[in-house]
Chemist: 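Structure provided below as structure tokens; questions to follow.
If you're wondering where the values come from, they're calculated on a predicted model, not measured in any experiment.
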Amino acid sequence: MGGCAIVPPANDQGTLPTMTDPTRRFDLDEFLPYLLNQAAEATSHEFQSVYRDRYGFTRTQWRVLANLGKFGAMTARDICAISHIEKTKVSRAVAALEQAGMLSRTPSTTDRRAEVLALTPKGHTVFAELGKLAQGFDQHLRDALGQNEAAKLVSILRQLAKGGAGLRQKGD
């Protein structure tokens, strides 16, 4: 790690903000965004072995396939917006899926710079198979948590994904 220090922005008076409680130290393990990321990585990593072992897919390839399977034909830009994946990663995934015969590209009729991506029959078959396996994996997670806790978690995660009431800090 380099010697970069993270310095908070100055306030309106040009001074640095003070901690509200200087006796309390920041604990990354209690930081909700960190915990959410760790949970997402752990659960995503578990399911990754399924699509990697069966088809050699990367996580991005699976997500591109899953989005096309769920929403139908769309552009790479649409996939980036829906899944919050970088454009270069989506482009590489699209190229690999096309080479594997899972998707096709056709020029957009409304934007000459864009291509419309769609699953091929082979892609639909793979999506259906992986979709069934994903449903089983999801059910396993829900069973492990218990139905009440799983329902609460789904509700909380949906709220967070929408930006939740009051999640933005003042000044954002």
Chemist: Once salt bridge (Lys or Arg N to Asp or Glu O under 4.0 Å) is applied, what residue pairs with a partner in residues 53-73 remain, sequence neighbours excluded?
Modeler: Glu41-Arg59, Arg54-Glu129
Chemist: Are the side chain of Lys122 and the backbone of Ala100 linked by a donor-acceptor contact shorter than 3.5 Å?
Modeler: yes
Chemist: Please tell me if the side chains of Asp138 and Arg142 come closer than 4.5 Å, counting only heavy atoms from C-beta onward.
Modeler: yes
Chemist: Is it the case that one hydrophobic cluster holds both Val116 and Leu119, taking links as side-chain heavy atoms less than 4.5 Å apart, direct or via other members?
Modeler: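 No; tracing contacts between hydrophobic side chains, which count when under 4.5 Å, never links both residues.
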Chemist: Taking the side chain as every heavy atom from C-beta outward, state whether Val126 and Met102 have any atom pair closer than 4.5 Å.
Modeler: yes
Chemist: Not counting sequence neighbours, list each pair that qualifies as a side-chain hydrogen bond (donor to acceptor under 3.5 Å, both in side chains) and has a residue in residues 107-119.
Modeler: Arg105-Glu115, Ser108-Thr110, Asp111-Arg113
Chemist: Examine Leu32 and Ile156 and state if one hydrophobic cluster contains both, with Ile, Leu, Val, Met, Phe, Trp and Tyr joined whenever side-chain heavy atoms are less than 4.5 Å apart.
Modeler: no
Chemist: Check for me, please, whether Leu35 and Leu160 land in the same ILVMFWY cluster - side-chain distances under 4.5 Å, paths through other members count.
Modeler: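 No: no chain of side-chain contacts under 4.5 Å links Leu35 to Leu160.
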Chemist: With a 3.5 Å distance limit and no angle check, can you tell me whether Ser49 reaches the backbone of His45 through a side-chain donor-acceptor pair?
Modeler: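 A pair under 3.5 Å: no.
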Chemist: Does the side chain of Phe71 come within less than 4.5 Å of Ile79's, by heavy atoms?
Modeler: no
Chemist: What heavy-atom pair brings Ser104 and Thr120 nearest, and what distance separates the two atoms?
Modeler: N-CG2, 3.9 Å
Chemist: Supply the atom-to-atom distance Phe127 CZ to Asn67 CG, rounded to the nearest 0.5 angstrom.
Modeler: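 Between Phe127 CZ and Asn67 CG, I get 9.0 Å after rounding to 0.5 Å.
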Chemist: Quick check: closest heavy atoms across Leu28 and Tyr34, and the distance to 0.1 Å?
Modeler: O-CD2, 3.2 Å
Chemist: Are more than 12 heavy atoms from other residues, nucleotides or ligands located less than 6.0 Å from atom CG of Asp27?
Modeler: yes
Chemist: Search all heavy atoms of Leu65 against all heavy atoms of Phe57 and return the closest pair with its distance.
Modeler: CD2-CE1, 3.8 Å
Chemist: Is there a chain of hydrophobic side chains (I, L, V, M, F, W, Y, each step under 4.5 Å between heavy atoms) that links Val154 to Phe47?
Modeler: no
Chemist: How long is the gap from CD on Gln61 to CG on Leu97, to the nearest 0.5 Å?
Modeler: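 Gln61 atom CD to Leu97 atom CG measures 5.0 Å (nearest 0.5 Å).
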Chemist: Mind checking what makes side-chain hydrogen bond (donor to acceptor under 3.5 Å, both in side chains) contact with Asp78, not counting sequence neighbours?
Modeler: Thr75
Chemist: Within a strict 4.5 Å, meaning less than it, do heavy atoms of the Cys80 and Ile85 side chains meet?
Modeler: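 They are not in contact (no side-chain heavy atoms under 4.5 Å apart), so the answer is no.
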Chemist: More than 12 heavy atoms of other residues, nucleotides or ligands under 6.0 Å from CD of Gln147: is that the case?
Modeler: yes
Chemist: Can you tell me how far the CD atom of Gln38 sits from the CG atom of Leu36, to the nearest 0.5 Å?
Modeler: 10.0 Å
Chemist: Between Leu157 and Phe137, is there a shared hydrophobic cluster once you connect ILVMFWY residues whose side-chain heavy atoms come closer than 4.5 Å?
Modeler: no
Chemist: Quick one, Ser155 and Arg158 - any side-chain contact, counting heavy atoms below 4.5 Å?
Modeler: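 A side-chain contact is absent here, since even the closest heavy-atom pair is not under 4.5 Å.
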Chemist: Tell me the closest heavy-atom pair linking Leu68 and Leu117, and the distance in Å.
Modeler: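 The pair with the smallest heavy-atom distance is CD2-O, 3.5 Å.
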Chemist: Mind checking whether Tyr51 and Trp62 have ring centres under 6.0 Å apart?
Modeler: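 Between Trp62 and Tyr51, which both carry aromatic rings, the centre distance is below 6.0 Å.
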Chemist: Quick one: closest heavy-atom pair of Thr60 and Ala93, and the distance?
Modeler: CG2-CB, 3.7 Å
